[in-house]
Amino acid sequence: MNVISRKTINEFGKKYSDAKKSLLSWYHEACTADWKTPQDIKERYSSASFLSSNLVIFNIKGNKYRLVAKIAYKTQAVFIKWIGTHSEYDKKKF
């Protein structure tokens, strides 16, 4: 998968240093993944949640943080839309 954008991960990691290792681990796994369907994601990330428009919510660092990504399965692209704390996520509308 082509993950766009690592910059979002780096910026969040600067603000929340305890999340950086987990985010980079997710990033490297996503880069080497070959997700063709939501089931492919679910097999590796059983706690992932799926919303409309191919949005996927990943729990990061024991669900302390959430990463929202839009998956383009055909083009093998992952667009990081948002990263935040669990409580910030609860206030968001996706």
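Keep in mind that the numbers below use all heavy atoms, side chains included, and drop hydrogens, waters and symmetry copies. Here the structure is a predicted model, which means the values were calculated and not measured.
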Query raised in the report: With distance as the sole test, does Ser22 use its side chain to make a donor-acceptor pair with the main-chain N or O of Ala19 at under 3.5 Å?
Result: no
**Report entry** Any donor-acceptor N/O pair, His86 side chain to Lys64 backbone, under 3.5 Å
**Finding:** no
Query raised in the report: Is the cationic atom of Arg6 (NZ for Lys, CZ for Arg) positioned less than 6.0 Å from the six-membered ring centroid of Tyr27 and within 45 degrees of its normal?
Result: yes
Is there side-chain contact between [X] and [Y], with heavy atoms separated by less than 4.5 Å?
X	Y	result
Val68	Tyr89	yes
Val3	Trp26	yes
Phe58	Ser47	no
Leu67	Ile57	no
Val56	Asn54	no
Leu23	Tyr16	no

Query - Stepwise side-chain contact (heavy atoms from CB on, under 4.5 Å) test for Leu24 and Lys20 - result: CA-CA 6 Å; Leu24 289 175; Lys20 189 171 186 172; 4.0 Å; yes
Could you see if [X] belongs to whatever hydrophobic cluster contains [Y]? Use Ile, Leu, Val, Met, Phe, Trp, Tyr and a side-chain cutoff under 4.5 Å.
X	Y	answer
Val78	Phe50	yes
Met1	Ile83	yes
Ile60	Ile4	no
Phe79	Leu55	no

Search all heavy atoms of [X] against all heavy atoms of [Y] and return the closest pair with its distance.
X	Y	result
Ile80	Ser5	CD1-O, 3.6 Å
Lys70	Lys81	N-CG, 3.9 Å
Thr85	Trp82	O-CH2, 3.9 Å

**Report entry** Mutual orientation of the aromatic rings belonging to Tyr45 and Trp35 [parallel < 30°, tilted 30-60°, perpendicular > 60°]
**Finding:** perpendicular
Query raised in the report: Are Asp34 and Lys36 within salt-bridge range, i.e. N to O under 4.0 Å?
Result: yes
Query raised in the report: About how many Å separate CZ of Arg66 and OG of Ser87, when rounded to the nearest 0.5 Å?
Result: 10.5 Å
Query raised in the report: Measuring from Ser25:OG to Ile9:CD1, what's the distance to the nearest 0.5 Å?
Result: 10.5 Å
Query - Modelled atom types, side-chain donor and acceptor of Tyr65 and Asn59, under 3.5 Å - result: no
